[in-house]
Structures are given as C-alpha cells and as structure tokens.
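Below: the structure, in structure tokens.
For reference, positions follow the sequence shown, starting with 1.
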Amino acid sequence: MPQILGLLAALTCPLVMFVGLFLVLRTQGLKWRIAWAVLCFVGIGAFWMRASTGEWGFVPGAINLLGPGQQPGFYKATFPIGAIAAMVVCIGVRRARAAAAKRRQDEVEPEV
C-alpha cells in the first residue's frame, strides 16, 4: 500500500503543475504571465520513496524547479506551491474580469 501512495504522489505533483500552467496560459488579463508560468513549476519540500522497500523520507527545506527530479527505483514528489499560488491568482483575475463585465452590462441596460 505505501508504494501505491508514493506512486500517486509522484504522478499528482506534475499533474497539478500542468493544470496550473494551463490556467495561466488561458487567463486573459493576467499580468506577468511568463513569470506565473515559470512559477507553476516551483515546489517546496521533497518527498521520496524507495519503491522496492517502501522506505521513505521528506526534506522540508528543498526548493525544486521543474519537480523534484527522477532516479530509477525511487518515487519523488514535491508540494507544488507555485502552481497552487498561480491557480489562486488566475481564479481571482477571472472573477474580477467577470464582475467588471457584469457591471458594464448592467450600466448599458437601462432599468425598467
């Protein structure tokens, strides 16, 4: 069972990073888009697990760019804090743009 959890963590980490990148690329009106895109691939902390024995460890002070790296026989994952921050900012920008569009639409349509 621990090997499945290690594999799940190793697969989820890059998935979250790419979802964050997709949101950054699709969000209109986002300032510093390239910086947010790079930030999507920054992670804090490194979880590793040896697939054969189930031995595991965590390095809390690790700052990883482009994920934690790969090595045969190990599952590695990082907490994708950059991608999560980028997703929060993108959702905020999308909500602000939607609210502004609604205000503009309300101003154009006369009240009856």
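The line from NZ of Lys102 to CD of Gln105 is 6.5 Å long, rounded to the nearest 0.5 Å.
Ala46 approaches Ala62 most closely through the heavy-atom pair CB-CB, 3.9 Å. Residues Ala10 and Pro14 approach most closely at O-CD, 3.0 Å, considering heavy atoms. The shortest non-hydrogen separation linking Cys13 to Ala77 is CB-CB, 4.4 Å. Heavy atoms only, all atoms of each residue included: Met17 and Ala83 are closest at CA-CB, 3.8 Å.
Listed by first and then second residue, the salt bridge (Lys or Arg N to Asp or Glu O under 4.0 Å) pairs involving residues 9-21 amount to none (not counting sequence neighbours). Sorted by first and then second residue, the salt bridge (Lys or Arg N to Asp or Glu O under 4.0 Å) pairs involving residues 39-64 (not counting sequence neighbours) are Arg50-Glu55.
One hydrophobic cluster holds both Trp32 and Val89 under the rule that ILVMFWY side chains link at heavy-atom gaps under 4.5 Å. Met49 and Leu7 end up in the same hydrophobic cluster when Ile, Leu, Val, Met, Phe, Trp and Tyr side chains are linked at under 4.5 Å. At a threshold of 4.5 Å between side-chain heavy atoms, the hydrophobic network of Ile, Leu, Val, Met, Phe, Trp and Tyr places Trp56 and Phe74 in two separate groups. A continuous path of hydrophobic side-chain contacts links Leu25 to Leu39 [ILVMFWY only; heavy atoms under 4.5 Å]. Residue Leu65 is grouped with residue Leu21 when hydrophobic side chains (ILVMFWY) are merged at heavy-atom distances under 4.5 angstrom, including chains of intermediate members.
The aromatic rings of Phe18 and Phe41 sit perpendicular to each other, their planes meeting at more than 60°, with 30° as the lower class boundary.
The shortest distance between side-chain heavy atoms of Leu8 and Leu11 does not fall below 4.5 Å. With contacts defined as side-chain heavy-atom distances shorter than 4.5 Å, the pair Trp48/Tyr75 does not qualify. Within the 4.5 Å cutoff, the side chain of Arg94 has heavy atoms near those of the Arg26 side chain. Between Val24 and Met87 there is no side-chain heavy-atom pair separated by less than 4.5 Å. Annotation: side chain of Ile84 is in contact with side chain of Phe79 (closest heavy-atom distance under 4.5 Å).
Not a single donor-acceptor pair under 3.5 Å links the side chain of Asn64 to the backbone N or O of Ile44. Of the possible donor and acceptor atoms, one in the side chain of Arg33 sits under 3.5 Å from a partner among the backbone N and O of Thr27. A donor-acceptor distance shorter than 3.5 angstrom exists from the side chain of Thr78 to the backbone of Gly45, with no hydrogens or angles considered.
Remark: Ile63 CD1 is loosely packed, at most 12 non-hydrogen atoms of other residues, nucleotides or ligands lying under 6.0 Å away. Residue-environment remark: CZ (Phe22) stays at or below the threshold of 12 foreign heavy atoms within 6.0 Å.
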